[in-house]
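Computation of the quantities below employed the complete heavy-atom set of this structure, encompassing side-chain atoms and omitting hydrogens, waters and symmetry-equivalent molecules. By convention in this document, chain letters (A, B, ...) are assigned in the order of the sequence lines, proteins followed by strands, and residues within each chain are numbered from 1. Since this is a predicted model, take the numbers as computed values, not measurements.
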Amino acid sequence: MEITTKEYRRVAVVSVSGRIDTLTSTQFEETINELIEKGHFNLVMDLSEVDFLSSSGLRILVTSRKKVREKGGDVVMANPSQRASDSVEIAGLDKLFMSYPNREEAVGSF
Amino acid sequence: MEITTKEYRRVAVVSVSGRIDTLTSTQFEETINELIEKGHFNLVMDLSEVDFLSSSGLRILVTSRKKVREKGGDVVMANPSQRASDSVEIAGLDKLFMSYPNREEAVGSF
Amino acid sequence: MAVMQLSIPAYHKEIESLCDLTGKAAVDARFTERTIYACQLAIGEACENIINHGYKQEGIGEIELTAESSPGNLILVLRDSAPPFNPAIEPSLPHWQEEDPPVGGLGLIIIHRVMDKVKYQRIKDQNILELRKTEYQDSLPRIKRKLHS
Amino acid sequence: MAVMQLSIPAYHKEIESLCDLTGKAAVDARFTERTIYACQLAIGEACENIINHGYKQEGIGEIELTAESSPGNLILVLRDSAPPFNPAIEPSLPHWQEEDPPVGGLGLIIIHRVMDKVKYQRIKDQNILELRKTEYQDSLPRIKRKLHS
Ligand SMILES: Nc1ncnc2c1ncn2[C@@H]1O[C@H](COP(=O)(O)OP(=O)(O)O)[C@@H](O)[C@H]1O
Ligand SMILES: Nc1ncnc2c1ncn2[C@@H]1O[C@H](COP(=O)(O)OP(=O)(O)O)[C@@H](O)[C@H]1O
């Protein structure tokens, strides 16, 4: 898993490539938590390069969403790969996350 | 000239392709004014497909910038073509407009 | 019919190789891209559970996968020697709200939504989990049913 | 040395063809891409001014462009029969602030910043504007000087 972040004034974008699973989910969680601690409650997950997303990763998406929503923010997705969106859908979580066709639209949604 | 707009919650993006000159600047101006009237004071000009930008177009950029700044907004550029930025620079206006390498960053700058 | 087998020590980083084997067997079964991924996901979930909840830590035990494929059919059998646990009981789907989504229990939900058959046996101190998936050539829906409509 | 000439009726939509001719002549002069564009821009500005400020409306008069090119050199001559106006006087550069940038006067600024020489003559009821640009092969700076440093 490779993870990068981009912080804008009101939004932060987290881009992940590779596998988000029990091996890597801690790093994923820590990255998100750092952004939240910095005051970023509007989060865009760029999952365009994710090729495996297990329940360990989904759990972090769900808990992060809960945290930022308590602060008036949200977690949205930008251009999720077919596999990332399949994981979300199979787990029945697709209703929770707005998904945008690209990062610009996801950033602009806030 | 082809002109399209994309309205986000807090930002609007104006994309122009082709020539912005005395022939087309009225349409350019009207498009921007409509956005301002709708309450869009944070404007991104996507000039990536502009292949001619005369003083008629520059004048509208400058006046629009003035209008939205009075309302606390700004005009920034996204990925201007070489020709668009040459026009801006030759006219000595390059200090006025922040320029971002892509639309996402321009949208995120607000 | 093809049979492949692989045994890994119970480390998180080893799970990927069982997903890869599952992928190969699913290709062999002529599944579509998305069904292949779904099967890999299910195996990944089962393995994460075996390490996290079965062995409760890394490195003390093994996980063995046997994959049997024929056109349209895939049978995956996972063996481990952790304490008995039966994942074949279909999880009751909680009536969760948008404001209170589930954070646990997703693994079993995924396994049951992806696979057509989930069978558990405890034989000679081993958990034996058999997961079956069928996909006909005219590409049936990849997921049995939607949880939410 | 090559000479090209084109005359257009004074309509905004016709200006582009004079920019195109300028482009061809600048290619002929072996100018760089950016210098070619700068010359087209300058001609465009001069033509916009002739229609908007000289003829004061579209369709009553003509604009003629003669473009003379040789390697490294371009001479553009614009002729119109609008009332006399001398654009060769270099515009005084206003000391404008970021909060109060200029909205007028950009056309003449552009012409003078792009071209090396701007010469005006009034002959037989015609405005004759000669614009010269030199660019050596080792690509000198495209703009004479920066307005603001
Ligand atoms: N292989 C296993 N061994 C022991 N317990 C298990 C095993 N798999 C699942 N469980 C139990 O079932 C529960 C639900 O598992 P799962 O759906 O994967 O969600 P989670 O891992 O998020 O709790 C686990 O919390 C655990 O108590
Ligand atoms: N060809 C012309 N004929 C008459 N007046 C001209 C001509 N060109 C320029 N001018 C005068 O010079 C002024 C400055 O011109 P210019 O720098 O192009 O800016 P703008 O067109 O924005 O006013 C014009 O407002 C006009 O008064």
Side-chain angles (χ1 to χ4, degrees), chain A residues 1-2 16-29 32-33 45 47-77 80-99, chain C residues 10-20 22-23 32-53 57-58 91 93-115 141-149:
Chain A
M1 187 185 72
E2 297 258 305
V16 194
S17 65
R19 286 176 76 94
I20 313 180
D21 57 13
T22 182
L23 187 65
T24 57
S25 57
T26 313
Q27 195 197 336
F28 183 45
E29 188 169 26
I32 294 172
N33 284 345
M45 299 291 153
L47 304 181
S48 56
E49 300 297 324
V50 166
D51 46 54
F52 196 89
L53 174 56
S54 86
S55 65
S56 307
L58 294 170
R59 193 176 304 128
I60 286 153
L61 287 173
V62 171
T63 51
S64 307
R65 177 179 175 275
K66 204 170 172 181
K67 279 186 208 164
V68 297
R69 282 172 80 94
E70 277 164 11
K71 303 282 192 178
D74 204 358
V75 173
V76 304
M77 296 188 182
S81 65
Q82 183 68 62
R83 287 167 166 220
S85 36
D86 278 357
S87 284
V88 173
E89 193 198 323
I90 291 170
L93 303 173
D94 41 322
K95 292 271 163 58
L96 297 188
F97 299 98
M98 277 295 289
S99 181
Chain C
Y11 286 99
H12 292 311
K13 66 176 166 52
E14 300 288 339
I15 294 176
E16 192 172 350
S17 61
L18 295 189
C19 292
D20 289 347
T22 303
T32 57
E33 276 284 334
R34 293 177 71 182
T35 303
I36 294 167
Y37 173 67
C39 294
Q40 292 179 306
L41 186 66
I43 279 296
E45 296 298 337
C47 293
E48 289 193 2
N49 279 348
I50 291 167
I51 298 175
N52 293 331
H53 303 302
Q57 51 179 292
E58 289 190 296
L93 298 176
H95 283 279
W96 51 272
Q97 300 292 312
E98 225 200 85
E99 280 322 302
D100 187 28
V103 290
L106 295 175
L108 291 181
I109 290 175
I110 289 172
I111 294 169
H112 283 270
R113 285 198 73 194
V114 169
M115 305 311 290
R142 172 181 49 93
I143 300 162
K144 270 185 297 180
R145 53 184 162 46
K146 291 217 102 186
L147 276 178
H148 316 282
S149 62

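- With contacts defined as side-chain heavy-atom distances shorter than 4.5 Å, the pair A:R83/C:Q40 qualifies.
- Annotation: side chain of C:H12 is not in contact with side chain of A:D21 (no heavy-atom distance under 4.5 Å).
- Minimum interatomic distance between A:S56 and C:E48 (heavy atoms only, all atoms of both residues): OG-OE1, 2.6 Å.
- Using a 4.5 Å cut-off between heavy atoms, C:C19 contacts chain A through its side chain alone, with no backbone atom that close.
- Heavy atoms from other residues, nucleotides or ligands lying under 6.0 Å from CD of A:E29 number more than 12.
- Rounded to the nearest 0.5 Å, atoms OG1 (A:T22) and CG (C:N52) are 4.5 Å apart.
- If you take CG on A:D51 and OH on C:Y37, they are separated by 8.0 Å, rounding to the nearest 0.5 Å.
- With values rounded to the nearest 0.5 angstrom, C:R34 atom CZ is found 7.0 Å from A:S85 atom OG.
- Neither the backbone nor the side chain of A:T24 comes within contact range of chain C; no heavy atom of the residue lies under 4.5 Å from a heavy atom of that chain.
- Side-chain contact between C:L41 and A:L53: absent, with no pair of heavy atoms (C-beta onward) separated by less than 4.5 Å.
- The side-chain heavy atoms of C:I109 and A:I90, taken from C-beta on, include no pair separated by under 4.5 Å.
- Distance OG/A:S54 to CD1/C:I110: 7.0 Å, rounded to 0.5 Å.
- Remark: C:E45 engages A:S55 in a side chain to side chain donor-acceptor pair (under 3.5 Å) (not counting sequence neighbours).
- When heavy atoms are compared at a cutoff of 4.5 Å, C:E16 approaches chain A by way of both its backbone and its side chain.
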